[in-house]
Amino acid sequence: MSIEKIVSLCKRRGFIFQSSEIYGGYGAIYDYGPLGVELKNKISQLWWKSMTQIHENIVGLDSGILMHPKIWEASGHVDAFNDPLIDCKHCKARFKADELTDDIENTKWDTIKCAKCGTTGMLTDPRQFNLMFKTHIGPVEKDSDIAYLRPETAQGIYVNYLLVQNAMRLKIPFGIAQIGKAFRNEIIARNFIFRTREFEQMEMQYFVKPGEDDQSMIEWKEERLKFYELLGVDPKKVRLNEHGPNELAHYAKEAWDIEYEFPFGWSEIEGIHNRTDFDLLRHQEYSGKKMEIFDQQKNERFLPYIIETSAGLNRMMLSVLTDAYWEDVENNRIVMKLHPRIAPILAVVCPLIKKDGLPEIGKKILEILKPHFKVIFDQQGSIGKRYYRQDEAGTPFGITIDHQTKEDNTVTLRHRDTQIQERIEIEQLIKTINQNIEDYK
Ligand code: GAP
């Protein structure tokens, strides 16, 4: 299956649009349409619940996108958040150096073939390119007023962690979770919403005693992997992959990726990192403020170690969309087999015909269901076409009102994946739908 099929369905059904399309599009930025925003919200709410509701020692935070520029010096992003880039002088293609070699430092670039045009001897030496977007605070563009759009949400948590800990009277180990936008001036942005310049992260920073970090890392790897079962993606397409010593980010002692098998190969959706006390130590140094926590039992101060789980919401959504895409050749339809837990629309209410009082009954059913689920009403076109439209949108249930409804208060409940229809009483709808969400496989 190609990623183009997903792109096309996403546009057709209102999941995802290219940004600024009427102006020819804007590179590597996407807008989320009515179904896209519903799906994205459902995924992020599931993540939020699984972090902050299930774990009583994890609390939330929403810090600013713009922060003091010194934060990015302390974090290492001003110096170390660089991609070495290579250009081909022949065909003008641009590559990240690590796409062409595993050993950037020792590669003789004039002996390497261009991966696009195949010419040897035309590649430039690597040039460093910082991925942070710069802007200015205030009316005059002076160097001293430079601000950065955050490239990760994590730093907002580190600089607030003692305030949060004090306010919530948290005892170590504890976590702080945050969902928010991050920005990276990606040079090579590709694969639809996989790598974009504006994206959302769902990050949780877990503060532990030094020495308890390795065990915590093991626990969080397990815990995060389980989350993908809740999303309903095929477990065979999800795996953990450890970073080799050359792949580790500047802040990490140990790092694992949760990867999904996309049409373009196994790729990272989420990173789990042991950041040690690197960030807190650096903020202590750059701000001149103590970042240590006080252990009342031992009457001592120390810098906690941090285990980070950092997921990309957009990438997670792409894995969900890719996983759900099913060409039902036998029935000549495309179905998005989204788990009902995250489907943008849970049910469509369809009067079989537009007369004989059936639409009125449909509207009443809509009112009954609305407080419980995201439901829509559709009376346009043949019933078959209406069902197929909703199959592509990933709507798990179709509720049809026909003439029998007027006699015995029953409707048909159609199941998206099997197309099986069962006759049930209107007053049983909420219970039956809830049971089906629970039992969905
Ligand atoms: N705080 C750690 C951190 O930011 P990362 O591995 O650079 O670590 C974490 O990013 C996650 O953010 C990735 O696993 C990915 O899902 C998402 N992400 C990173 N860059 C992205 C981009 N350009 N477009 C979409 N998602 C991105």
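Each ligand, and each atom within it, is numbered from 1 in the order the structure gives. Residue indices begin at 1 and follow the sequence shown.
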_Closer than 4.0 Å to some heavy atom of Ile269 - which atoms of ligand 1 meet that?_
14 (O), 15 (C), 16 (O)
*Ion pair present between Lys40 and Glu200, side-chain N to carboxylate O less than 4.0 angstrom?*
yes
_So if I count the atoms of ligand 1 from 1 in the order they appear, which ones are less than 4.0 Å from some heavy atom of Glu152?_
1 (N), 2 (C), 3 (C), 4 (O)
*asked:* Check this for me: Gln296, atom CD, are more than 12 non-hydrogen atoms of other residues, nucleotides or ligands nearer than 6.0 Å?
replied: no
*For atom 25 (C) of ligand 1, grab the closest protein heavy atom and report residue, atom and distance to one decimal in Å.*
Phe194 O, 3.1 Å
*asked:* Is it true that, when you exclude Glu300 itself, more than 12 heavy atoms of the residues, nucleotides or ligands shown sit nearer than 6.0 Å to its CD?
replied: yes
_Top protein contact for atom 24 (N) of ligand 1, by heavy-atom distance_ = Thr196 N, 3.0 Å
*Answer with side chain, backbone, both or neither: which part of Glu270 has a heavy atom less than 4.0 angstrom from an atom of ligand 1?*
backbone
*List every atom of ligand 1 that sits less than 4.0 Å from any heavy atom of Glu203, numbering the atoms from 1 in the order shown and giving each element.*
1 (N), 2 (C), 3 (C), 4 (O)
*To the nearest 0.1 Å, how far is atom 21 (C) of ligand 1 from its closest protein heavy atom, and which atom is that?*
Phe199 CZ, 3.5 Å
*asked:* Just to be sure I read this right, does ligand 1 sit under 4.0 Å from the backbone of Tyr251, its side chain, both, or neither, counting only heavy atoms?
replied: side chain
_Under-4.0 Å heavy-atom contact with ligand 1, by part of Glu308 that carries it_ = side chain
*Do we get Arg275 above Phe278's six-membered ring, with its NZ or CZ under 6.0 Å from the centre and within 45° of the axis?*
no
*Give the residue, atom name and distance (to 0.1 Å) of the protein heavy atom nearest atom 12 (O) of ligand 1.*
Gln201 NE2, 3.2 Å
*asked:* Is it true that, when you exclude His68 itself, more than 12 heavy atoms of the residues, nucleotides or ligands shown sit nearer than 6.0 Å to its NE2?
replied: no
*If you take all heavy atoms of Met317 and Ile43, which pair is closest and at what distance?*
CA-CD1, 3.8 Å
*In ligand 1, which numbered atoms sit nearer than 4.0 Å to a non-hydrogen atom of Glu186?*
22 (C), 23 (N)
*Within 45° cone of Tyr387 ring axis and under 6.0 Å: Arg414 NZ or CZ*: yes
*Numbering the atoms of ligand 1 from 1, which are under 4.0 Å from a heavy atom of His273?*
2 (C), 8 (O)
*Judging by distance only, is a nitrogen or oxygen of Arg184 under 3.5 angstrom from one on ligand 1?*
yes
*Backbone, side chain, both or neither: what part of Arg275 comes under 4.0 angstrom of ligand 1, heavy atoms only?*
side chain
_CG (Asn332) with more than 12 external heavy atoms under 6.0 Å_ = no
*Member of Lys221, Arg239, Arg224, Arg315 meeting the salt bridge (Lys or Arg N to Asp or Glu O under 4.0 Å) criterion with Glu270*: Arg224
*Count the heavy atoms of every other residue, nucleotide or ligand shown that sit under 6.0 Å from NZ of Lys11, and state whether that count exceeds 12.*
no
*asked:* I'd like to know if Arg150 contacts ligand 1, where contact means a heavy-atom distance under 4.0 Å to any ligand atom.
replied: no
*With a cut-off of 6.0 Å (strictly less than), are more than 12 heavy atoms of other residues, nucleotides or ligands near NZ of Lys89?*
yes
*So which bit of Arg197 gets within less than 4.0 Å of ligand 1, heavy atoms only: side chain, backbone, both or neither?*
neither
*When you measure from atom 17 (C) of ligand 1 to every protein heavy atom, which one gives the shortest distance, and what is it?*
Gly312 CA, 3.7 Å
*Which option out of Glu259, Glu268, Glu198 puts a heavy atom nearest to atom 13 (C) of ligand 1?*
Glu268
*Protein residue, atom and distance nearest to atom 15 (C) of ligand 1, heavy-atom basis*: Arg315 NH1, 3.4 Å
_Identity and separation of the nearest protein heavy atom to atom 9 (C) of ligand 1_ = Ser310 OG, 3.0 Å
*Ala154 N/O to ligand 1 N/O under 3.5 Å*: no
*Close approach of Glu200 to ligand 1, heavy atoms, under 4.0 angstrom*: no
